[in-house]
Amino acid sequence: MCLAVPGKVVAIDDSAEPLTGLIDFGGVQKKACLEYVSDVKVGEYVIVHVGFALQRLDEESALASLKLFEELGLLEEEFGDAWEQAAREAGGTAAAEPENSGSEAR
């Protein structure tokens with residue numbers, strides 16, 4: 001699945017072509033293109049889809065969406081190992097693997 005995930009802009013590289021920023025998705029940080037929201041500021045929230053920040057989002061809505069995505073297990077699905085690695089580095093524990101996590105017939 002490929003979600004549009006809200007994240008907080010933690011850095012902007014004004015010298016990058018295209019304009020690029022570092023986005024924090026609740027502990028996992030990834031670079032994203034900021035050309036569609038070129039006037040965004042550090043500390044604001046954006047919605048990122050396949051590496052492109054598509055629009056701004058207010059903090060309350062962003063945090064509510066991140067909480068819901070986490071509860072549904074969608075962040076782990078979206079970020080995979082990077083999500084677990086960030087949790088371990090932060091001193092937390094990653095979500096437990098569900099039983100029968102082997103391959104499933106679909």
Side-chain angles (χ1 to χ4, degrees):
M1 181 183 300
C2 193
L3 297 172
V5 180
K8 186 175 186 177
V9 178
V10 295
I12 297 173
D13 184 356
D14 291 321
S15 64
E17 190 66 39
L19 181 64
T20 303
L22 186 62
I23 313 298
D24 186 301
F25 300 97
V28 175
Q29 295 187 349
K30 294 188 173 272
K31 287 184 179 178
C33 176
L34 299 177
E35 286 291 332
Y36 296 131
V37 290
S38 59
D39 57 344
V40 71
K41 307 277 188 272
V42 170
E44 292 184 316
Y45 283 82
V46 292
I47 294 177
V48 178
H49 181 63
V50 291
F52 291 86
L54 302 176
Q55 71 180 61
R56 282 197 187 96
L57 185 67
D58 65 88
E59 182 174 5
E60 182 179 346
S61 297
L63 295 177
S65 295
L66 284 169
K67 181 179 177 190
L68 179 61
F69 287 5
E70 185 176 3
E71 289 172 359
L72 295 173
L74 298 175
L75 291 177
E76 184 176 337
E77 182 176 321
E78 184 72 14
F79 294 114
D81 292 339
W83 193 257
E84 291 181 25
Q85 181 180 355
R88 281 192 302 271
E89 290 173 1
T93 57
E97 290 286 324
E99 292 183 30
N100 301 325
S101 64
S103 60
E104 300 174 12
R106 293 183 187 228

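Values in this document were obtained by computation on a predicted structure and should not be read as measured data. What's counted below: heavy atoms across the whole structure, side chains too, no hydrogens, waters or symmetry copies.
Annotation for V40 and E44: closest pair CG2-OE1, 3.2 Å, computed over non-hydrogen atoms. In this structure, L57 and P6 approach most closely via the heavy-atom pair CD2-CB, 3.6 Å. For the pair K41 and V9, the tightest heavy-atom approach, listed with the atom from each and the gap, is O-CB, 3.9 Å. The heavy-atom pair separating F25 from G7 by the smallest distance is CD2-CA, 3.8 Å. In terms of heavy-atom proximity, A11 sits nearest to V42 at CA-CG2, 4.1 Å. K31 and L22 get closest at one heavy-atom pair: N-CD1, 4.1 Å.
Atom OG1 in T20 sits 9.5 Å away from atom CZ in F52 (nearest 0.5 Å). With values rounded to the nearest 0.5 angstrom, Q29 atom CD is found 10.5 Å from K8 atom NZ.
At least one side-chain heavy atom of D39 sits under 4.5 Å from a side-chain heavy atom of R56. With contacts defined as side-chain heavy-atom distances shorter than 4.5 Å, the pair V46/Y36 does not qualify. Annotation: side chain of V5 is not in contact with side chain of I23 (no heavy-atom distance under 4.5 Å). Residues D14 and L19 form a side-chain contact, since some pair of their non-hydrogen atoms from C-beta on lies under 4.5 Å apart.
Both V48 and L68 are part of a single hydrophobic cluster, where members link through side-chain heavy atoms under 4.5 Å apart. V37 and I12 fall within the same hydrophobic cluster, defined by Ile, Leu, Val, Met, Phe, Trp and Tyr side-chain heavy atoms under 4.5 Å apart, directly or through other members. Residues V28 and V50 do not share a hydrophobic cluster, clusters being chains of Ile/Leu/Val/Met/Phe/Trp/Tyr side chains in contact below 4.5 Å.
Around CD of E71, the count of heavy atoms belonging to other residues, nucleotides or ligands within 6.0 Å exceeds 12.
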